[in-house]
2 protein chains.
Amino acid sequence: MAKALRTQDKIIVAAEKLFSEHGFEQTSLRQITSEAEVNLASVNYHFGSKKALIQAVMARYQSVFMPALAEQLYQLQKNPEQVSTEDVLACVMQPMIALRQVRVDGPVIYLRLLGYAYSEIQGHLRKFTMTNYGEIVHEFFQLIQQANPNVCPKTLFWRLHFSLGAMLFAQTSSQALREIAAADFGEETQAEETLLKLLPFVAAGISAAEPDVES
Amino acid sequence: MAKALRTQDKIIVAAEKLFSEHGFEQTSLRQITSEAEVNLASVNYHFGSKKALIQAVMARYQSVFMPALAEQLYQLQKNPEQVSTEDVLACVMQPMIALRQVRVDGPVIYLRLLGYAYSEIQGHLRKFTMTNYGEIVHEFFQLIQQANPNVCPKTLFWRLHFSLGAMLFAQTSSQALREIAAADFGEETQAEETLLKLLPFVAAGISAAEPDVES
DNA sequence: CCTTATTTAAAACGACCGTTTAATTAAGGT
DNA sequence: ACCTTAATTAAACGGTCGTTTTAAATAAGG
């Protein structure tokens, strides 16, 4: 028989699913506890508050993703002369796939959670990420700079956030967009295919030549 | 003396400000009517519902932006042999600036509203836009296809939405990002400069060569 | 077996939401 | 002046939210 999940785990599993589908603020504790088939009060008993539950959900993915990303960046830094933008971006793929060990659909869940986290609680997640994994983010940025020595750091800063926006937007509205795409082009697009389509777009945008400015 | 605004206009002005700052669902009618210094019930009296108020706010900008965009696209279509992706994208700049006639900070307001509209009520705004201005959107898409004959339409569909995500994300979190950028790079970045930085990024991403796929 | 601590269950709390009602005031036409 | 229509006001309604409280069930230990 399948292993019986403890109440905390049932809550986490249900919360991840509903948060990723409808966002944090649009998901009520009653929806979560109903989906998990546990009592409403058990969320506050086990996690203290809804906010703490959100952080617990996010931390579970970050604690897997970020160390995996650090390892990929470390491997890339071994021969730092010949790194391309695509190489650096590709470093996020394996950590994404590693999220399957958290949950079979972990990659999709995590990306959607990220999207909602950024669009809803804006600064909170960034602060959380930077205080816990700021070093890894810094390394990533340094490698991107190294791969694009002819683009000034300030421009790269903005282009990385443009890329983040493209990814998060595509994921949070991926279901609606995939439906539209299916209606317009007949064939269906898988969620993973969306990520694969994103990489060349982002790589080209980051490495684009800077327009001449009269100064 | 300044012209006295009617109740409807006071509601619209307050709603635009609060919607663009906190999103649609996070802004209550009580906040709006308090900011506008009108009675709570007047929203439902003049607009019928909160949903109708949201549509009225969006329609006010779309009715200025979309015809202006149509005019720009029409001008571009006069010599359709030599259109570049940058040319097509540049068509959105003048209509953006035209939004100053709606409100001095109209361009920023509209972009933020767009961002929240897409991330919150997802399908609703798209349906509204397509039924009213579907022809203009279609022309825009056709010109993008024309400028990129070697990229398949499905890929272009996704890349346009990636671009939309990059733009909307940059705008909704532009204030926080500009503060971070100022702290990291010393100099400040203006909101308009953000849009200018976006264009080459998006243009390069849209026109990027498609990776080879084994089929 | 009884006592104690832990976990679950159900109900209620206070707050805020969008909306509606009913009463009052202002405005416009004849 | 009057009457009719429009606009504004204050109050309340039904509903959902996160959280807390209260009581019951369960588990553990001597």
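Chain letters run A, B, ... following the sequence lines, proteins first and then strands; every chain starts at 1.
Under 3.5 Å, the side chains of B:Ser49 and B:Asn44 contain no donor-acceptor pair of N or O atoms. Neither side chain, A:Tyr74 nor A:Glu139, offers a donor N or O lying under 3.5 Å from an acceptor on the other. Between A:Ser207 and A:Thr85, the side chains place a donor N or O and an acceptor N or O closer than 3.5 Å (distance only, hydrogens not considered).
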Polar-atom pairs under 3.5 Å, protein N or O versus N or O of nucleotides 16-22 of chain C: list them with distances, or write none.
| residue | atom | partner | partner atom | Å |
| --- | --- | --- | --- | --- |
| C:dC17 | OP1 | B:Ser28 | OG | 3.1 |
| C:dG18 | OP1 | B:Lys50 | NZ | 2.7 |
| C:dG18 | OP2 | B:Leu29 | N | 2.9 |
| C:dG18 | N7 | B:Arg30 | NH1 | 2.8 |
| C:dG18 | N7 | B:Arg30 | NH2 | 3.4 |
| C:dG18 | O6 | B:Arg30 | NH2 | 2.8 |
| C:dT19 | OP2 | B:Lys50 | N | 2.8 |

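Rounded to whole Å, atom C1' of D:dT8 lies 15 Å from atom CZ of B:Phe47. For the pair B:Ile11 CD1 and D:dT8 C1', the computed distance is 11 Å after rounding to whole Å.
B:His46 has no side-chain polar atom (N or O) that falls below the 4.0 Å cut-off from OP1 or OP2 of D:dA6. Residue B:Thr7 has no polar side-chain atom (N or O) positioned under 4.0 Å from OP1 or OP2 of D:dA7.
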Next on the checklist: Working note: A:Glu71 + A:Gln75, criterion side chain to side chain donor-acceptor pair (under 3.5 Å); need CA distance, chi angles, decisive distance, verdict.
Outcome noted: CA-CA 6 Å; A:Glu71 171 64 21; A:Gln75 294 295 333; 2.7 Å; yes
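Of the residues B:Arg60, B:Glu16, B:Arg103, B:Gln62, the one that meets the side chain to side chain donor-acceptor pair (under 3.5 Å) test with B:Tyr110 is B:Gln62. Applying the side chain to side chain contact (heavy atoms under 4.5 Å, CB included) test between B:Lys10 and each of B:Val38, B:Thr33, B:Ile32 identifies B:Val38 as the sole match.
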